[in-house]
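First the structure, in the form of structure tokens, and then the observations on it.
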Amino acid sequence: MSENVVRLHKATDPPAPAAVTTLTVVPDAPPARPVPLWVRSGRAVKSAVTHERTRSAGRAVVRHSLYTFNGGRIAARRAWDGRTGSRYERMIRAAEAAGNLEAAEEWEERLQRFRAARHHRRMDLLHSPVDAAKGVAVGAGMSVGVLVALGVVLAISTGQAADVVTPLTATIDFIALLIRIVQVVWGPAVTIGPFLALLALWSVGRKQHAAPQWALPANVRSGEGEPITPSIVVKALRDLGVPALARAIKEMGDAGASMLGPITIAGCGVEVDVTLPSGVSTNEVQSKRRKLAENLTRHEHEVFITIPQAARTVRLWIADSGALDEPIGPSPLVTDETMTADYKKGKAPWGQDLRGDAAALSLYQRHLLITGLSNQGKTVALRSLALWLSLDKSVQFLMGDLKGVGDWAMFDGLATTLIQGPTDEHVIQVTEMVESAVDEMNRRIQAPPGTTFPPLIVLVDEAQVAFMCPAKDEDKRPYGGSKANSRYFMAVRKIHNQGRAVNVLMWQGTQDPTNENLPKLVREGAHTRASLALGTESQARMALGDKAVDGGAAPNLLRPGLDRGTLVVASDGITIPAGQSSITVRTHYIDDDAATAITDRAKALRDGVTTLHAIDRSEERDPLADIAAVIGDATRVRTKDVLARLATRNPGSYSEWSFIDLKRVLDDAGAEPYKSDGVMVVSRDRVARALANRDTEGSASAE
């Protein structure tokens, strides 16, 4: 049968019609096969061998054994150095390798003096046995004579003739006691002595950590936060994997530290110049930055290698462990509400360099380019410069934000033009904005010599969108691209070529530079070039130029995400250490709320700016209405500012206007310009009244 049926009677039921409950009994599963004894034994042995306590015990045995062995080597080396001239010979080789012949001659003189003194000591040893024997004989005779004389005095004092030999007998007994003490102690000393010697050698090895890294304790093995010393730097260079460098340091021995200049504190780290021996080039050390950092018990981003002016020299900046992961303080623009800007003489507080010193950038007559991967802080870094410059009320802004997410919205009411959006239509608007700046530049160039002009900053964020725009105008001219008929490209090039002389400056921020989204001529036209984290060295060269990268600039080695806001700057507008071509800056972070507060302060310094959010391309113009629009809420505006705003509002209609054209329109409307504080201005009230009168007259004539 496939089932076993068991009938169970309920206790409360009568016996005849018994209730039946069916219980199915499933046969037991076959018993599991036992694990063989040899398998269990093998697992137990493996578990015991791989257990952390076993591994720790093994490391301890190896560590302490090598402490003793290597301690003996260190003691033997020290003894050898003390008895021979090898120390002086190493110093001579080190001085010769460093090219310091004066030091080599000085050490050679010291070696000669050491050898002469050693020869004199050895010659003295040839005569010392005879002299020692004579000394012992004379000394013993004198001692016996003194003891006998002392005994004679004692015998005369006591009247006992036997006291003459009492001092001599006492001395002999004392010598015998010393001999017995030595006999008692000698046996244990012979037994314990070797153990004491091994303990001394172990102590020497332990202090020098004379064991492999894997066998050292965890706190010693990690080396986190270990201070940088000359010996650590020399060992790191020796183990770098450059054969010529390793051989030179080996020949110099411990004197390899002669390659090093002074180790000085530099901000949140230290700095040291290393003069490389002959046959070792600086790029061999630069290319091994990660290995050098690990040899110094640092992460790659905590070691920077630059090339100073001195030949065959690399400059190492080594951060304190973890220091670069700590944020820097807030921007002075946020903490100092009284701060103002000076475009010509001032410098924008941008952040801190690696030394911890304030990093300030001059913006006077310098085109600017900031690039980097997406979401690394490019817009914030660019915006902080514009925020500082906005506190100079003479500065005018034309802004295009081709991301269009509101990063520049706080400049509404501060910038003359603010276009925000990522579409082709927005690119067309931004292109026409830049072209209007070119028209303003040409107007300024044609002005009489000696004429001064207010700074005009043409700022385009996410400029790669403009360069890659496929749209074309009615004449089939592309807005994007890098050809001679590309409208945006050519407008930027014109400003780069001539804008600096008349204070028309081009600022651009772009992502992930390539030849397609950031043409070479545009890159090279910027006086100040800065880069956040990038992916490759070729991109770093596009962003900063070959000279900066060959000099040690490496934005491609910054950590995306972790080094957000840290950029490498190549510019004569920022203080760069002598001999370097770039500087690394950790920028202050200014959030949107703080940026809005700063622009509110900037707006309070001005009479009021009407911001255009689109370029008006319509053919029919109302000059008086346009004049009223560009004046905005200001009580009065200088005539030259009115002309500049009109040219920006509609380049096709007003780019060629002069003061005479403006005066003609205002005179005809009865809103004549007038002088205020020595400059010609246009009154808002007069223009508004002229518009009202015109509208009233127009309504009356229509009736």
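Keep in mind that this is a model prediction, so the values were computed, not measured.
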Requested in this report: Would you indicate whether the side-chain heavy atoms of I305 and L316 approach each other to under 4.5 Å?
Outcome: yes
Report task. For the residue pair L276 and T282, establish whether any side-chain heavy-atom pair is separated by less than 4.5 Å. Result -> yes
Query - Exercise: do T264 and E271 side chains pair donor with acceptor under 3.5 Å - result: no
Query raised in the report: Has K347 got more than 12 heavy atoms of other residues, nucleotides or ligands less than 6.0 Å from its NZ?
Result: yes
Query raised in the report: Just how far is it from atom NE2 of H527 to atom NE2 of H496, taken to the nearest 0.5 Å?
Result: 8.0 Å
Requested in this report: Answer yes or no: is there an ion pair linking D592 with R383, defined by an N-O contact shorter than 4.0 Å?
Outcome: yes
**Report entry** Y589 six-ring centre to R564 NZ/CZ under 6.0 Å and within 45° of normal
**Finding:** no
Report task. With sequence neighbours left out, write down each residue that passes side-chain hydrogen bond (donor to acceptor under 3.5 Å, both in side chains) with T84, or none if nothing qualifies. Result -> W80, S86
Query raised in the report: Can a donor-acceptor pair be found between the side chains of R523 and N515 at a distance below 3.5 Å?
Result: yes
Requested in this report: Show the numbers, then the answer: is there a side-chain contact (heavy atoms from CB on, under 4.5 Å) between S384 and W350?
Outcome: CA-CA 7 Å; S384 64; W350 211 6; 3.3 Å; yes
**Report entry** side-chain hydrogen bond (donor to acceptor under 3.5 Å, both in side chains) partners of D357, counting only residues at least two apart
**Finding:** none
Query raised in the report: Do V280 and R312 pass the side-chain contact (heavy atoms from CB on, under 4.5 Å) test, and can you show the C-alpha distance, the side-chain angles, and the key distance before you say yes or no?
Result: CA-CA 8 Å; V280 182; R312 274 199 354 257; over 6 Å; no
Report summary line: d(L387 CG, L333 CG) to nearest 0.5 Å is 6.5 Å
Report task. Count the heavy atoms of every other residue, nucleotide or ligand shown that sit under 6.0 Å from CD1 of I265, and state whether that count exceeds 12. Result -> no
Query raised in the report: Side chains of Y364 and N503: do they bring a donor and an acceptor to under 3.5 Å?
Result: no
Query raised in the report: What is the ring orientation for Y488 with F467, classed by angle as parallel under 30°, tilted 30 to 60°, or perpendicular over 60°?
Result: perpendicular
Query - Carboxylate-amine/guanidinium contact E294 R298, below 4.0 Å - result: no
Query raised in the report: Listed by chain and number, what are the side-chain hydrogen bond (donor to acceptor under 3.5 Å, both in side chains) partners of T587, not counting sequence neighbours?
Result: none
**Report entry** Enclosure of R73 CZ (heavy-atom neighbours >12, cutoff 6.0 Å)
**Finding:** no
Report task. Go through the steps to decide whether D563 and R586 satisfy the test salt bridge (charged side-chain N to carboxylate O under 4.0 Å, His left out), and finish with yes or no. Result -> CA-CA 9 Å; D563 289 327; R586 304 173 67 197; over 6 Å; no
Query - Nearest-0.5 Å distance, NE2 of residue H588 to OG1 of residue T335 - result: 8.5 Å
Query raised in the report: Is any side-chain N of the basic residue among D239 and K235 closer than 4.0 Å to the acidic one's carboxylate O?
Result: no
Query raised in the report: In terms of side-chain heavy atoms, does Q539 have a donor or acceptor partner in E537 at a distance below 3.5 Å?
Result: no
Requested in this report: In sequence, state the C-alpha distance, the side-chain angles, and the governing distance for Q365 and Y343, and then conclude on side-chain contact (heavy atoms from CB on, under 4.5 Å).
Outcome: CA-CA 9 Å; Q365 292 187 344; Y343 161 75; 3.6 Å; yes
Query raised in the report: Between T528 and I574, is any pair of side-chain heavy atoms under 4.5 Å apart?
Result: no
Requested in this report: Step by step, work out the side chain to side chain donor-acceptor pair (under 3.5 Å) result for Q464 and E462.
Outcome: CA-CA 5 Å; Q464 78 278 356; E462 305 295 340; 2.7 Å; yes
**Report entry** NZ/NE/NH1/NH2 to OD/OE distance under 4.0 Å, R366 and D572
**Finding:** yes
Query raised in the report: Would you call D461-K378 a salt bridge at under 4.0 Å N-O?
Result: yes
